Amino acid sequence: MSNTRQAEAVSPWRAPVLFLILAALFLAEGSFRNALFSGSWNTALAILNMGLISAVMALGVNMQWGYAGLFNAGVVGFLALGGLAPVLVSTAPVQGAWAAGGPRLILALLVGLGTLVLAAQVWRRISGAWRVPALVAVLVAGFVAYRWLFDPAVMAIEANNSARAGNIGGLGWPVLLSWPVGALFAAAAAWGVGKVALGLRSDYLAIATLGIGEIIVAVMRNEEWLSRGVKNVSGIPRPVPYELDLQGNADFVARAAEWGMSPAVASGVWVKLLYAGLFGAVLLALILLAELALKSPWGRMMRAIRDNETAAEAMGKDVTRRHLQIFVIGSAVIGLAGAMMVTLDGLLSPNSFNPLRYTFLIWVMVIVGGSGNNWGAALGAILVWFLWIKAEVWGPELMRLVTGPLPAGALRDHLLGSAPHMRFIALGLVLLLVLRFAPRGLVPEK
Amino acid sequence: MAEPYLSATDMRGGYGKADILNGCTLTVERGQIAVIVGPNGAGKSTAMKAVFGMLALREGKVALAGEDITRLTPQERVRKGMGFVPQTHNIFPTMTVEENLEMGAFIREDDYRDTMAQVYELFPAVADKRRQNAGELSGGQRQQVAVGRALMTRPSLLMLDEPTAGVSPIVMDELFDRIIEVARTGISILMVEQNARQALEIADIGYVLVQGANRYTDSGQALLADPEVRRTFLGG
Amino acid sequence: MDMLNALVAILNFVVIPAASYGAQLALGALGVTLIYGILRFSNFAHGDTMAFGAALVILITWGLQAIGIGLGPLPTALLALPFGIALTAVFILGTDRVVYRFYRSKRSAPIILVMASVGVMFIMNGLTRLIIGVDEIRFDDGARFLVSVQQFRAWTGLSEGLSLRVSQALTLVVTALACWALFRFLNRSRAGKAMRAYSDNEDLALLSGIDPERVVRLTWLIATALAVTAGTLYGLDKSFKVFNYFQILLPIFAAAIVGGLGNPLGAVAGGFIVAFSEVAVTYPWRKIATYLGFEPQGLLQLLSTEYKFAVSFVILIVVLLFRPTGLFRGKSV
Ligand SMILES: Nc1ncnc2c1ncn2[C@@H]1O[C@H](COP(=O)(O)OP(=O)(O)OP(=O)(O)O)[C@@H](O)[C@H]1O
Ligand SMILES: [Mg+2]
């Protein structure tokens, strides 16, 4: 990797100029209405908000890849896990759910966890011929006990008002509190995976994270007591006012009229601006922290390890331990982004967690932006997100232009209908081209 | 006087910025044994790699049978009649002994069964294990397979980088005997050895390499007799 | 009698499905392991290579059907398979030429190659969606059953039925043939031995005069042939859906790692280990327990089928914890 990172002077104006171009794109999206742009501030801000969240995800991935060269192929899983936090922390408690099976469920989960801990102890303490039989006995007994406790509890909880709830519900605490909790969830999962897969070949982490990502998403999709599965959890509380409340507020309506906006538009824009402020603050704080960390002795050591693992190891650095640290921290940031995303949507929809969209798209963001550089990753995220969304509009337009001369018929219809798939091809091409011709990205590492 | 069969003159070069070889010269006559000795890290393996074309030389020249081969790739040098046994990773561990020899003969288009029979004759210990994976052999047997693999192209110059590394004294003596046998068939041998004393015994010419340059060059016997060499490199 | 019924039920619901699924995984894992052994990276585009190839096979099958060519009781796809392989191979060799070769010549870290394979994965995924769409497609024409449940009951008089679908039998036969040919090639032919030599010790292979680019091309060719075959068989057996081929990547990697990355024999064993574990863990054993005289309360299903990928994952984790080089000693960690 080191040979792709030769320090080559890059103009200090590069990042600011690129951010200005990005800002211009958003201004154009908000103010011009034509084939390319929507001319709607609501749309522009919606893209920006998701772009900011993507930037947080990209920061997490950048810590893992840019600082340490770790390939996390399960971003979607850590994201989904973070997204679970707003549901569990801040949705209103479901009436009767706890009484139906709450304690039993907790006990079941504790038994499950205890089994694993006990199994690990057995493996460590016992040696000789009894080791394997003892391990198997512990696992089997633990599993039976777990299922015996778990199944009826889940059945009872899911039967409780299953049309509107059927899940365990939340604690009803403020939603902002759920963000760090989301980070914590993701960090815990990352610790488990990292403990196993780090220190082996670099591809193993990629494969193991690919697996944990799929499993977390499968759990969210199927465990209705937890996430309502395909029925989705909606009505997650917000940290900002509701549009309808604003529209009913005489002061606000008057203020909107001053700006020459209808109350409907103005309320949408205002809410999105508030979100943008919130997300922007989180993003800036994270970048600041990350930059400080990078300049500290710890950060210098991280980079030394990344650039020459063998040498660092020879100098007595515990490479695997450092990797575990950075992997957990990066995953926590991804989990935080997941909680932010679910808060923004007000909805947890387990079916929407698609690895192509939430793992590999994030990767493209980091690579395009400049792996190893936090500002670059953030820039890449917002830019790629903007293009990804607009490609939905531009793709078919382009197709229509290209297929214009074709006679109306099956082929033309097929091509027009398949325009959305072009996004994947374009994404792959961008990734390959950047990796090959500009491996340091738009804003290279200093 | 005729030019030596192999002559590598004034080689300079290394792996990165700093040179490892600082004007190292090695020559071998036809059918003779040349031995390189020297402390660890002196650049002995590096010199062998340079002769074999695995290292880009910054300066210097390598000629084989009077022909300049400095610019040739290792594969092309194999075709010119050079065979090389690296110091480490010199066999295909998950392939059988026989397959290792076959791979040695990969560039040969003609029938190589005779050569294989000769190799087995030379190393009867590995002949018994021809169906066994080379990675499962003992260290000494592995070295024999490695040498055998290099012999499969019927080289006129055989280069051995520490063929006796990790080998018991008895097997080592045997290996040296075999090497002498190979040399008697007219093959020139260029060899790096850690067991300097024994190696110099059988050497027609010896090189003492220090920091990538020739410190002493003489016949093996003369080096063994030189008190200075004895004191500093042969431990008394 | 009940004993026999239990046996038949096990055969019908566990052994036969797991065997054919295992064969499909084995073919996929063989490709992954060969690429790993020679090119030294985990190819994330392998699942989409399977999908891409299978999609081409489906298109060709439709073409053949349209002009009335078929194979009687066998699926027409079998006839289309060689053409699908050839076309996919052209594409894959193209990706090697324009994508991977550059990193190889620079001796980039393996993870960079993994990343590049993600790019290739995206492109192949998009192309597959483009040429065939995202819907579920069935393309198994010809006879459906070699042995149907009714036939079996009539023959044996047992109450429990057993069926063997043509696609399942075909999977097993084709896999057996492919493995036989592959191992013969690797162990007997000069080119196959050169591949193994290159995988064993790249530098020494170079010194022996083996042309690395030829070895690499050959590897892509074989891996592609295996992948397209696996993809087609999987599609015949379970129906074709693009996203499923992304998901099958995990069991395939698990199979390759369990067997020891870079070890072809291990990949085959790994495929069957993963498949049998997956089916055994997600199968409700209640029926069989009942035949054996127990009266279980629940379904006796260890894990619901939605979590079948968790089985691959657990196997993967266990292997990584206890034996990172795999059961059959693949490349070192
Ligand atoms: N592949 C390489 N890349 C960079 N430096 C190397 C490489 N191989 C060797 N060196 C350096 O070149 C120098 C000479 O190494 P070389 O292997 O030639 O020594 P040697 O005389 O063969 O020692 P030994 O007796 O231990 O085999 C050493 O300082 C070593 O660190
Ligand atoms: Mg050496």
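Keep in mind the model is a prediction, meaning the values are calculated, not measured. To find a chain, count down the sequence lines: A is the first, B the second, and so on, and within it residues start at 1.
Note that CZ of R190(C) and CZ of F106(B) are 4.0 Å apart. Values are rounded to the nearest 0.5 Å. Atom NE2 of H89(B) is separated from atom CG of D203(C) by 8.5 Å, given to the nearest 0.5 angstrom. In this structure, OG in S208(C) is found 4.0 Å from CZ in R149(B), a value given to the nearest 0.5 Å. In this structure, CG in N100(B) is found 9.5 Å from CG in N201(C), a value given to the nearest 0.5 Å.
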(request) Assess whether salt bridge (Lys or Arg N to Asp or Glu O under 4.0 Å) is satisfied between E99(B) and R196(C), documenting all intermediate values. (result) CA-CA 10 Å; E99(B) 286 170 337; R196(C) 282 168 53 216; 2.8 Å; yes
- Show your working on side-chain contact (heavy atoms from CB on, under 4.5 Å) between S199(C) and F92(B) and close with a plain yes or no. CA-CA 9 Å; S199(C) 158; F92(B) 300 111; over 6 Å; no
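Other residues, nucleotides and ligands contribute over 12 non-hydrogen atoms within 6.0 Å of the CD atom of E98(B). Open room surrounds CZ on R97(C); 12 or fewer heavy atoms of other groups in view lie less than 6.0 Å from it. Within 6.0 Å of atom NZ in K193(C), more than 12 heavy atoms from other residues, nucleotides or ligands are found, so the atom counts as buried in its surroundings.
Proximity to chain C (any heavy atom under 4.5 Å) is restricted, for E102(B), to the side chain, taken from C-beta onward. R77(B) does not touch chain C: none of its heavy atoms, backbone or side chain, sits under 4.5 Å away. Heavy-atom distances place both the backbone and the side chain of P93(B) under 4.5 Å from chain C.
Listed options T73(B), V78(B), T96(B), N90(B) were ranked by heavy-atom pairs under 4.5 angstrom with chain C; first place goes to N90(B). In terms of heavy-atom pairs under 4.5 angstrom with chain C, the leader among R79(B), Q75(B), M95(B) is M95(B).
The salt bridge (Lys or Arg N to Asp or Glu O under 4.0 Å) test applied to R130(B) returns no partner, not counting sequence neighbours.
Among the residues in residues 37-55 of chain B, those with a non-hydrogen atom closer than 4.5 angstrom to a non-hydrogen atom of chain C are F52(B), M54(B).
Here the closest heavy-atom approach between residue P74(B) and residue L207(C) is recorded as CB-CD2, 3.9 Å.
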